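Shown next, in structure tokens, is the structure this report addresses.
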Amino acid sequence: MKEAYIGVDLGTSAVKLLLVGPDGRILNETQEEYPVYYPHSGWSEQNPADWTAAVARGMKKLLAGADASAVKGISFGGQMHGLVILDERGEVIRPAILWNDGRTAEETEYLNTVIGKEKLSRLTANIAFAGFTAPKLLWVRKHEPENFARISKIMLPKDYLAYRMTGVHCTDLSDASGMLLLDVERGVWSKEMCEICGVTEAQLPRLYNSYEVVGTLTEEAAAELGLPAGVRVIAGAGDNAAAAVGTGTVGDGACNISLGTSGTVFISSDTFGVDKANALHSFRHADGGYHLMGCILSAASCNKWWVEDILRSEHGVEQAAMPGRLGRNEVYFLPYMMGERSPHNDVDARSMFVGMRPDTTRADMGLAVMEGVTFALRDCLEVAKSNGVKVTRTRICGGGARSELWRKIVAGALGIPVDTVTTEKGPAYGAALLAMVGCGRYATVREACDACVSVRATVMPDPVLVEAYGKMYNVYKAIYPAMKDVFKLMK
């Protein structure tokens with residue numbers, strides 16, 4: 001091994017690490033889990049020390065039997081929006097508030113109604129969603145004023161890893177886009193948003209492109225990780241942008257769908273654009289461009305819940321859901337297990353089954369879960385289409401994408417070809433490609449993707465299924481508006 005790069009994916013439940021050769025070949029991989037804490041209903045927190053400990057454990061396994069001196073660079077993909085705050089000594093003040101934390105309904109409402117969606121969109125290209133970082137800052141300011149007063153540094157989860165490795169307070173433009181503090185079009189912090197949230201630019205990290213070097217491993221970090229001091233650390237990207245790089249979704253008009261814990265429709269663009277309805281996010285991309293993104297808070301996690309918690313089975317609906325069932329299901333499922341972000345922006349939304357009869361089977365319900373998640377993704381795609389965006393095919397990644405059945409559902413429900421890439425390792429693989437660019441192995445992110453990413457298989461949309469799912473989608477999209485006021489009564 002003469003040359004290698006490390007990609008780190010700091011996820012919600014585990015950190016995944018890849019050791020990748022310069023040709024994109026995976027040399028080794030490992031992952032380490034850590035807990036999520038739920039101190040109150042709707043809250044979701046983690047201890048940043050758990051992240052760094054897990055990375056250190058994982059790095060030793062990753063490098064076992066390898067020549068650590070061959071590692072040229074490290075980069076990251078990471079869960080977005082989480083609030084990590086440090087005091088003047090660089091110590092963590094309180095547990096990190098995560099992307100799927102729902103405590104900020106009041107702050108989100110304040111930003112969207114008092115500050116106003118129009119102003120927010122003008123300043124940041126986005127409106128407030130409960131998971132974003134700015135509402136979290138307002139929550140800490142109101143409910144934990146003593147902690148707010150101690151803030152010296154504000155950062156995102158993956159950037160805490162970079163800080164511990166290099167001592168540099170940094171972030172990248174793709175991840176920063178989801179804080180509601182960044183002027184996305186210009187790529188600078190918004191002074192007005194800082195004033196609204198009561199923070200200063202000095203408390204915010206320095207901004208980098210995802211493929212830029214932020215520093216090198218300190219001697220202390222190198223010793224802890226088992227790597228030579230001086231290994232380059234590259235800024236990295238938010239998990240969705242990193243995953244998009246990992247599937248080669250770069251350049252104008254490329255699309256990637258992720259079926260992970262959450263789900264996304266990610267549409268890459270060379271030019272800046274904002275969804276006029278603010279139902280989609282307008283963010284920077286890791287390739288130096290931009291992207292529109294719809295995010296549903298629960299995707300493959302819905303299927304996991306159905307199979308493991310309800311059926312208490314190790315098997316899904318693959319065999320039970322025979323091809324003849326597709327497009328004929330009379331049961332519908334709303335996948336709003338954690339409320340919903342795109343396109344409804346409704347923390348009160350809940351999951352539900354609709355249309356059950358005495359002869360409804362578990363297979364019907366299991367299939368409805370997969371179809372419901374797919375229809376929620378179509379909701380996002382329809383918003384993009386209303387903005388004049390044309391998507392003619394998509395790549396797909398995430399745990400749910402391993403299901404041949406689910407890929408067929410996606411192709412049918414969206415009416416476009418669905419490509420699976422040869423190496424599908426999510427944000428960690430995209431992070432490794434960003435490390436290669438930062439270290440000069442490739443000149444651009446596009447060049448790295450062209451060299452290392454290839455399509456393994458394609459599912460073409462079945463015209464009969466496209467028509468059937470079109471009719472089902474018309475029913476599906478009428479359910480949420482009919483239930484919206486009921487959901488509010490359930491609070």
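Treat the numbers as computed from the prediction; the structure is a model and nothing was measured.
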- Query: Between atom CG of Leu434 and atom OG of Ser210, what is the distance when rounded to the nearest 0.5 Å?
  - Reply: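 Atom-to-atom, Leu434:CG and Ser210:OG are 6.0 Å apart.
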For the pair [X] and [Y], find out whether any cationic side-chain nitrogen is under 4.0 Å from an anionic carboxylate oxygen.
X: Arg378; Y: Glu382; result: yes
X: Arg325; Y: Asp364; result: yes
X: Asp462; Y: Lys408; result: no
X: Glu3; Y: Arg441; result: yes
X: Lys136; Y: Asp101; result: no

State whether a side-chain donor-acceptor pair under 3.5 Å links [X] with [Y].
X: Asp346; Y: Tyr480; answer: yes
X: Thr422; Y: Ser454; answer: yes
X: Asp419; Y: Thr458; answer: yes
X: Thr374; Y: Trp406; answer: yes

Checklist entry - Less than 6.0 Å separating the ring centroids of Phe375 and Phe333? => result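 For Phe375 and Phe333, the ring centres are not under 6.0 Å apart.
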Which class fits the ring pair Phe132 and His281: parallel under 30°, tilted 30 to 60°, perpendicular over 60°?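 Phe132 vs His281 ring planes: tilted.
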TODO: Over 60° means perpendicular and under 30° means parallel, so classify the ring planes of Tyr473 and Tyr476, tilted if in between.
DONE: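 Ring orientation of Tyr476 relative to Tyr473: parallel.
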message = Checking Thr444 now: which residues fulfil side-chain contact (heavy atoms from CB on, under 4.5 Å) with it, not counting sequence neighbours?
response =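 Applying side-chain contact (heavy atoms from CB on, under 4.5 Å) to Thr444 gives Arg446, Glu447.
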Is there a side-chain contact between Leu292 and Val265 (heavy atoms, below 4.5 Å)?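 No. Closest side-chain heavy atoms not under 4.5 Å.
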Checklist entry - Yes or no on side-chain contact (heavy atoms from CB on, under 4.5 Å) for Tyr429 and Val453, after CA distance, side-chain angles and deciding distance? => result CA-CA 10 Å; Tyr429 193 68; Val453 181; 4.2 Å; yes
